[in-house]
Number of protein chains: 2
Amino acid sequence: MSTWAPGSLFLEERVGQAGHRLTGPRLALFRAIARYPEGFTAEELRDQHPSIGRATVYRTIRLLVDLGLVCKIALPEGAPRYVVAGGGHHHHAVCIECGAVKEFRYSTVESVLGELRADVMGQIVGHRIEVYVRCGSCVDQGGRTGLAPVSTP
Amino acid sequence: MSTWAPGSLFLEERVGQAGHRLTGPRLALFRAIARYPEGFTAEELRDQHPSIGRATVYRTIRLLVDLGLVCKIALPEGAPRYVVAGGGHHHHAVCIECGAVKEFRYSTVESVLGELRADVMGQIVGHRIEVYVRCGSCVDQGGRTGLAPVSTP
DNA sequence: GTACTCATGATACTCGGTCTCAGTTGCAAC
DNA sequence: GTTGCAACTGAGACCGAGTATCATGAGTAC
Ligand SMILES: [Zn+2]
Ligand SMILES: [Zn+2]
Ligand SMILES: [Zn+2]
Ligand SMILES: [Zn+2]
């Protein structure tokens with residue numbers, strides 16, 4: 001896919017700036033993550049570097065999430081997916097067939113949500129939107145290959 | 001709280017209509033659920049009826065979710081919460097302090113989301129919105145008592 | 001090079017949830 | 001009412017995702 005996503009150098013730089021060590025395992029994982037511009041699971045990452053300890057893979061993912069460099073997308077079913085974040089407030093479009101994740105920004109929906117009657121709910125402190133799609137290549141190929149279909153009542 | 005929520009008779013009737021047996025453990029759990037109009041965790045439900053087997057509690061929750069009578073709300077962190085569903089398409093406002101869940105319907109946001117440029121993402125098949133709030137009673141009491149704060153980038 | 005600290009990997013553990021299976025029970029048919 | 005049987009239950013094993021522990025290893029500052 002031609003989606004832009006920050007390469008491993010981006011992660012390397014940011015993690016270094018934040019005062020964390022750029023160790024061998026971390027750099028290897030950053031490079032692996034850069035190969036998944038549309039998101040990955042912890043499992044997929046682990047498969048790329050079987051020699052790296054399980055705990056280290058999860059610790060590294062957590063580090064990136066905590067630094068805001070990677071978004072954790074909790075699907076309604078199954079393991080969460082992670083995707084490099086472009087920065088700023090955004091939401092995600094998730095393909096229900098292949099799991100590909102794309103960021104999107106949509107200011108209209110932000111302002112509309114801003115008009116929600118806070119008084120019926122309390123103080124609004126945030127929101128989260130996920131849009132479920134069948135992505136371009138899944139529509140083209142017409143084959144279901146990946147995740148379970150999502151029920152969206 | 002004065003929120004209306006269908007009582008246990010509602011669940012009883014619907015589950016019966018769907019051709020499932022109204023057994024003792026199920027009826028007991030329906031009654032327990034009716035006591036949580038703003039949502040519950042599997043754990044909380046289990047505590048109400050320690051004599052009911054773990055598996056049965058989870059099986060019953062799953063049955064209700066599958067029948068669309070209960071919504072599963074997967075918080076970004078921690079155990080999912082469940083809440084009796086009012087029916088139809090709706091979203092949830094979740095209190096980040098006490099975990100209370102309220103349904104809301106907001107047709108404006110539906111139509112705005114409908115205008116999302118499908119071509120940049122593929123075929124839109126659904127969406128999910130969660131609004132994070134501090135609910136009335138948590139704002140009043142000013143005390144943090146429950147869930148961890150939610151980061152909403 | 002040394003020291004200090006952070007990071008790693010092996011492994012045990014937690015937690016939410018499911019599977020298995022023998023025993024029980026709701027419920028419809030008689 | 002009794003009977004028959006599939007649906008259901010509870011105990012406990014199991015699972016998958018993730019975290020805690022802890023002795024060892026490797027960046028970084030000097
Ligand atoms: Zn993101
Ligand atoms: Zn937004
Ligand atoms: Zn709901
Ligand atoms: Zn909606």
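Computed over heavy atoms, backbone and side chain alike; hydrogens, waters and symmetry mates excluded.
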Engineer: Do the ring planes of B/Y36 and B/F40 sit parallel (below 30°), tilted (30 to 60°) or perpendicular (above 60°)?
Structural biologist: tilted

Engineer: In whole angstrom, what separates B/D66's CG from C/dG17's P?
Structural biologist: 14 Å

Engineer: Measure CG/B/L27 against P/D/dT9 and give the value in whole Å, please.
Structural biologist: 10 Å

Engineer: Check this one for me: any side-chain N or O of B/Y82 less than 4.0 Å away from OP1 or OP2 of C/dG17?
Structural biologist: yes

Engineer: Which nucleotide sits closest to the side chain of B/A55: D/dG10, C/dG16, D/dG18?
Structural biologist: D/dG10

Engineer: Using every non-hydrogen atom in the two residues, find where B/P25 and B/I52 come nearest and quote the distance to one decimal.
Structural biologist: O-CD1, 3.8 Å

Engineer: Just by distance, with hydrogens left out, do A/H127 and B/H91 show a side-chain donor and acceptor under 3.5 Å apart?
Structural biologist: no

Engineer: OP1 or OP2 of D/dA7 less than 4.0 angstrom from a side-chain nitrogen or oxygen of B/T23, does that happen here?
Structural biologist: no

Engineer: Would the base of D/dG27 count as contacting A/R26 through its side chain, where contact means a donor and an acceptor less than 3.5 Å apart?
Structural biologist: no

Engineer: Where is the tightest heavy-atom contact between B/C95 and B/C135, given as atom of each residue plus distance?
Structural biologist: SG-N, 3.4 Å

Engineer: Expressed as a whole number of angstroms, how long is the span from A/E44:CD to D/dA17:C1'?
Structural biologist: 15 Å

Engineer: Could you give the angle between the helix axes at the two ends of the helix from C/dG1-D/dC30 to C/dC30-D/dG1, with five pairs per end, rounded to 10 degrees?
Structural biologist: 40°

Engineer: Under the 3.5 Å rule, do the base of C/dT5 and the side chain of A/R21 count as making a donor-acceptor pair?
Structural biologist: yes

Engineer: Rounded to the nearest 0.5 Å, how far does NE2 of A/H90 lie from CZ of A/R105?
Structural biologist: 6.0 Å

Engineer: Measure the CD-OG1 distance between B/E44 and B/T41 for me, rounded to the nearest 0.5 Å.
Structural biologist: 3.5 Å

Engineer: Would you please confirm or rule out a distance under 4.0 Å between OP1 or OP2 of D/dT19 and any side-chain N or O of A/R62?
Structural biologist: yes

Engineer: Distance check: side-chain N/O of B/Y58 vs OP1/OP2 of C/dC15, anything under 4.0 Å?
Structural biologist: no

Engineer: If you pin B/G24 and A/R54 to their nearest nucleotides in DNA chain C, which one's is more 5'?
Structural biologist: A/R54

Engineer: Determine: side-chain N/O of A/H20 to OP1/OP2 of C/dA7, distance under 4.0 Å, yes or no.
Structural biologist: yes

